[in-house]
Novice: 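Just passing along the structure, written as structure tokens.
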Amino acid sequence: MSGLDVSGRSGSDDLPPTGSPGRPTVLPYGDRALLVELGDVTEVVRWVDAVRSADLDAVGDVVSAARTVLVSARDGASVATLRAQLGEVDPQGARTAYENGPGLLADSGGEVVEIPVRYDGPDLADVARLTGLSEREVVEAHTGRPWRVAFGGFAPGFGYLVGGDPRLEVPRRGESRTSVPAGSVALADTFSGVYPRSSPGGWQLIGTTDAVMWDLDRDPPALLAPGATVRFVEVRS
Amino acid sequence: MTRSLVVRRVGGQCLVEDLGRRGMSDIGVGRSGAADRGALRLANRLLANPDHAAAVEVGIGGLEVEVAGGAVTFCVTGAPAPVLVDGQAVGSHALVVAGAGSRIEVGMPASGLRSYLAVRGGVHVAPVLGSRSRDVLAELGPAPLAEGDVLPVGERPTEQPSVDQVAPPSFEAPATLRLVRGPRDAWVRDVELLVRGSWTASAKTNRVGMRLEGPALAHAEPGRQLPSEGAWRGAVQVPPDGDPVLFLADHPVTGGYPVVAVVVDADVDRAAQVRPGEPVRFVWARG
């Protein structure tokens, strides 16, 4: 079949099993893209590294998320060619890049971005209660280990940070705030993140930074590029 | 003196657009660009401009500009709107020369939603992240046009136009859009409702997406959460209320609701010409 690749059903909608590093599942996504399902964010980061290092000529945009990667076909390449090329990617290929360092995802070997934070967020007490830690221990856990930018997508300049202290896993707030101030440092699920500009949001706010996360007059405009390592540093207000 | 178009009257939403930004999804920046890419490409082809030259996407309500600094060659494509130069009808989908001081007016199209006012040399405003496109969701790129704005016109390309007019399209309702099933079709009880049901583009329709009203697509397991996934132009996402949203040019880079089907790329331009209130029909694409 050539041209429009519109073959068949998408198959199961079941979430993939976590932590099983088998072949990724490739789902149809129209006639110009594919959705690749992986077990968890660790596998996502690893697989995307493998795709980028393979430098495949049918690959257009790559949109990472928590368990999936959307890959579009480059102009002029068919989605069938894209599918064939992605099939050659070794999902374990980039594993060695993470074998060192304190956290699986923390040591990207790249640049380290330090973000100064005042731990004065309105949800700090809630996070302490939810995690069973004291507020001081929350701050120490957040600053104690490096994070890595796994993917972006929520807004220009927003990076989902992974690889932090697992004790900091907290749910989103029951109700979203209609406006979260720019520079808010937040936690949700196993992620941390910094709001690049004022926007609605449901994450738990633990602090504030003056770091400019997004600046169009800067190249690159995003402070946090995918793959970068991030360290939060406490500053006293 | 640099040639320019000076905005004299803005009736609806008028935005500078080109073919958008590529490869920036990982920092949260989507592609954006002309909602009807084919119409922009056609305009640039008629004018012998490069494909990526920018034009003005003119919404319902029209636009009036004054030519300054020297004559320009322009054309209007997309939704077939009346085009006037100094009050004289010249028609869309045709190359027209307008001298300095003359006024170009784009009126209400007979059908469709978005016309493109393109000029030989392109609209040459400053690019942002490699593109002159306005992304209304990310609020990136040149601000929506307002009275008094001056749009510089770029240098004429060396290539000469070889065709001076083409037949205008007609965007009769209902638009028929081909769909590819998946990836998350099993997250709704009956994805076949998309092709069986009658749908209407809601008033909540913009460059981000077209919300469709019709038989609600109930989630198979209400309350079940899908982790956010990458999104793409043409995706049909179903929020918990069951009213599908078809993502257009300025869609979010990721979405948190299941995408149950995706409109084939060639039909997304047609979707961008559907007016709020018009019926829409879906069919499954055949391989």
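To find a chain, count down the sequence lines: A is the first, B the second, and so on, and within it residues start at 1. Worth knowing before you read on, the calculation uses all heavy atoms, side chains too, and leaves out hydrogens, waters and symmetry mates.
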Novice: With side chains defined as the heavy atoms from C-beta onward, is the minimum distance between B:I27 and A:F151 less than 4.5 Å?
Specialist: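 No, every pair of side-chain atoms sits at 4.5 Å or beyond.
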
Novice: Count the heavy-atom pairs under 4.5 Å between each of B:A220, B:A231, B:A235 and chain A, then report the option with the highest count.
Specialist: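 That would be B:A231.
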
Novice: If you apply the rule side chain to side chain contact (heavy atoms under 4.5 Å, CB included), what do you find for A:Y29 with B:V259, and how did you get there?
Specialist: CA-CA 9 Å; A:Y29 201 102; B:V259 169; 3.6 Å; yes

Novice: Select one option (side chain, backbone, both, neither) describing which atoms of B:A261 are under 4.5 Å from chain A's heavy atoms.
Specialist: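 Contact with chain A involves no heavy atom of B:A261 at all.
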
Novice: Knowing that exactly one of A:L35, A:L70, A:L27 qualifies, which makes a side chain to side chain contact (heavy atoms under 4.5 Å, CB included) with B:E229?
Specialist: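 Among A:L35, A:L70, A:L27, the one that satisfies the side chain to side chain contact (heavy atoms under 4.5 Å, CB included) with B:E229 is A:L35.
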
Novice: Starting from the C-alpha separation in whole Å, work towards a yes-or-no answer on side chain to side chain contact (heavy atoms under 4.5 Å, CB included) for B:D26 and A:V63.
Specialist: CA-CA 6 Å; B:D26 55 3; A:V63 191; over 6 Å; no

Novice: Is it the backbone or the side chain of B:R233 that comes under 4.5 Å from a heavy atom of chain A, or both, or neither?
Specialist: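 The answer is neither part of B:R233.
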
Novice: Using every non-hydrogen atom in the two residues, find where B:R181 and A:P28 come nearest and quote the distance to one decimal.
Specialist: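 It is O-CG, 3.9 Å.
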
Novice: Apply side chain to side chain contact (heavy atoms under 4.5 Å, CB included) to the pair B:L140 and A:L216, showing each step before the final yes or no.
Specialist: CA-CA 9 Å; B:L140 273 180; A:L216 277 172; 3.6 Å; yes

Novice: Considering only NZ, NE, NH1 and NH2 on the basic side and carboxylate oxygens on the acidic side, decide whether B:R21 and A:D61 come within less than 4.0 Å.
Specialist: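 Judged by the 4.0 Å cut-off on N to carboxylate O distance, B:R21 and A:D61 do not form a salt bridge.
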
Novice: What heavy-atom pair brings B:G230 and A:A65 nearest, and what distance separates the two atoms?
Specialist: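 Looking at all heavy atoms of both residues, the closest pair is N-CB, 4.2 Å.
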
Novice: Testing the basics here: between A:P156 and B:V29, what is the closest heavy-atom pair and its distance to 0.1 Å?
Specialist: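 Looking at all heavy atoms of both residues, the shortest contact is CB-CG2, 4.0 Å.
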
Novice: At a heavy-atom separation under 4.5 Å, does A:P196 approach chain B through its side chain, its backbone, both, or neither?
Specialist: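 Neither the backbone nor the side chain of A:P196 comes within 4.5 Å of chain B.
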
Novice: Rounded to the nearest 0.5 Å, how far does CG of B:D51 lie from CG of A:D75?
Specialist: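 Answer for the CG-CG pair, A:D75 versus B:D51, is 10.0 Å.
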
Novice: Looking at A:D31 and B:R178, does any basic side-chain N land under 4.0 Å from a carboxylate oxygen?
Specialist: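 Looking at A:D31 and B:R178, the cut-off is not met.
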
Novice: Quick check on B:Y257: does its OH atom have over 12 non-hydrogen neighbours (other residues, nucleotides or ligands) under 6.0 Å away?
Specialist: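 No, OH of B:Y257 has 12 or fewer neighbouring heavy atoms, counting only those of other groups under 6.0 Å.
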
Novice: Measure distances from A:A66 to the heavy atoms of chain B and classify the residue's part below 4.5 Å as side chain, backbone, both or neither.
Specialist: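 It is both, since atoms from each part get that close.
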
Novice: Does any heavy atom of chain A fall under 4.5 Å from the side chain of B:L129, the backbone, both, or neither of them?
Specialist: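 Only the side chain of B:L129 comes within 4.5 Å of chain A.
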
